[in-house]
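Side chains are part of it too, since the values below use all heavy atoms of this structure and drop only hydrogens, waters and symmetry mates. Counting starts at 1 for both ligands and their atoms, following the listed order.
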Amino acid sequence: MKLWGGRFESGPSEVFARFSGSLVFDRRLLEADVVGSQAFARALERAGILSPEERAVVVEALETIRRDAAADPDLLAGAEDEDVHTFVIRLLGERAGAVAGKIHTGRSRNEQVSLDARLWLRGACDQARAGLAALMSALLDLAERYPAAVIPGYTHLRRAQAVLWPHYLLAYFEMLARDGERFAEARRRANVLPLGSGALAGSGFPFDREAIAADLGFAAVSANSMDVSADRDFVLDYLYAASTTMLHLSRLAEDWILYSSEEFGWLELGDGVTSGSSLMPQKKNPDSLELIRGKAGRVIGELTAMLVMLKGLPTTYNRDLQEGWPALFNAADQLHGSLEMARVVAESVVLRPETPRAAAETSWVVATDLAEALARAGTPFHRAHQLVGSLVLESLKRGWRPADWTEAALAEFAPEFAGGGYARFMNPEEGMRSREIPGGTGPEHVRQALAEARARLQTMTAPSP
Ligand code: ARG
């Protein structure tokens, strides 16, 4: 069955039908299509196009389609319909009879596909937020398992300053919290009713658009029918939120691939999230994390594909837009899979706190602490910086570690150190204690931040508006 054809003398070529059909991927919109069509049947009744009896027949028949499709994925097997909208209408005809011919009154597939995608996206945004919250909770658990562990923080992948392990994990908590906000915003933007727009010029029937919006839980109705016809901004918003999330997951993956390497040796990833080698018996490879990093590229690629597809389209609907759905579905699948995988990896992580601690103690992550302590006592910071720099250089020449410097040795090295009690700054913990500032790695503030993060997670898991 086709939703058009009167104007044609012959049907589409087999090649064109195969080339243009979208049922293979837009079948994922089936449930949304049914729900949207049920609401539309009620709108047709209010507009006097369907009688209450006809509406009841249509809504009930649509319900059986939804039920059957959910119970039996084979319902679509072998279907040759152009797209999911055509498929649903054909089945509706088979099940409800002639009245099905009225369901498309004053409605265009251009607005229908927008409606279906918006309904679908609301669910996808909720799912992303739930996946984020679960991962964030796992990160907080991992932080709480080692509340006092010290690690060297890196810039340029060189040991920079000591931080608490929970402080490091809370950095990712913040990134993911922002991602959650982006999905809430993407949902809010998608949550606008397109129905009533017609193909591009507005429907020719007196639909009460506010009533349809209320029926389907939309917060507003769209303001311009030409805009609606080709508006995919809401898809871009979702893809951007998904890309940013994947970027964060990818960076976390990269960190943990490094930290679990023999060279770092801080982390042990669970057996359940690692793979062996078919050749090298000793290997335990972090494939789960590598795949997250790899999939980030795919999701970013889908955002790029969508942007490129949209940039040259003349105003209102063009069939190019159909190519956006596989991009959206693929991105959503990779995102949800990666969020789940990252959570399971986080649950499996065992930290060996003594290794990063030793890395912090044997390197000069305390250098800044020392320079700042001198500055607090009145030495101009520039001088303090120079002085500690030369102390580091001297240590490297002598083969000394920070802890090798006693009060006496420091005083002998430079008069600024005399009697200042600076040797205690050779312990990374001392420097962290000097960073008791909101957002800093001071132990008291980190404890607080951890507790606050737990509380914030509660509000995040509450349903979105
Ligand atoms: N499958 C189409 C899509 O996803 C539905 C809209 C069809 N509209 C049209 N004018 N051919 O874009």
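- For the side-chain contact (heavy atoms from CB on, under 4.5 Å) test with R435, the passing option among T441, V163, V446 is T441; the others fail.
- Ionic pairing of E63 and R67 is not present here: no N-O contact between side-chain nitrogen and carboxylate oxygen is shorter than 4.0 angstrom.
- Heavy-atom proximity to N110, at under 4.0 Å, picks out these atoms of ligand 1: 8 (N), 9 (C), 10 (N).
- Atom 2 (C) of ligand 1 has its closest protein heavy atom at Q322 OE1, 3.3 Å.
- Between R189 and E185, at least one side-chain N (NZ, or NE/NH1/NH2) sits under 4.0 Å from a carboxylate O, which counts as a salt bridge.
- Residue, atom and distance of the protein heavy atom nearest to atom 3 (C) of ligand 1 are Y317 OH, 3.2 Å.
- Contact atoms of ligand 1 toward S22: 1 (N) (distance under 4.0 Å to a heavy atom of the residue).
- Below 4.0 Å from some heavy atom of V113 lie the following atoms of ligand 1, by number and element: 4 (O).
- Note: no N/O pair closer than 3.5 Å links E82 and ligand 1 by distance alone.
- The nearest protein atom to atom 5 (C) of ligand 1, hydrogens excluded, is given as D83 OD2, 3.7 Å; this is a heavy-atom distance.
- Inclusion of W325 in the set of residues having an N or O under 3.5 Å from an N or O of ligand 1 is warranted.
- S37 and R107 form a side-chain donor-acceptor contact under 3.5 Å, judged by distance and modelled atom types alone.
- For the pair R319 and E82, the salt-bridge criterion is met [side-chain N within less than 4.0 Å of a carboxylate O].
- Aromatic pair F264/Y154: ring centres closer than 6.0 Å.
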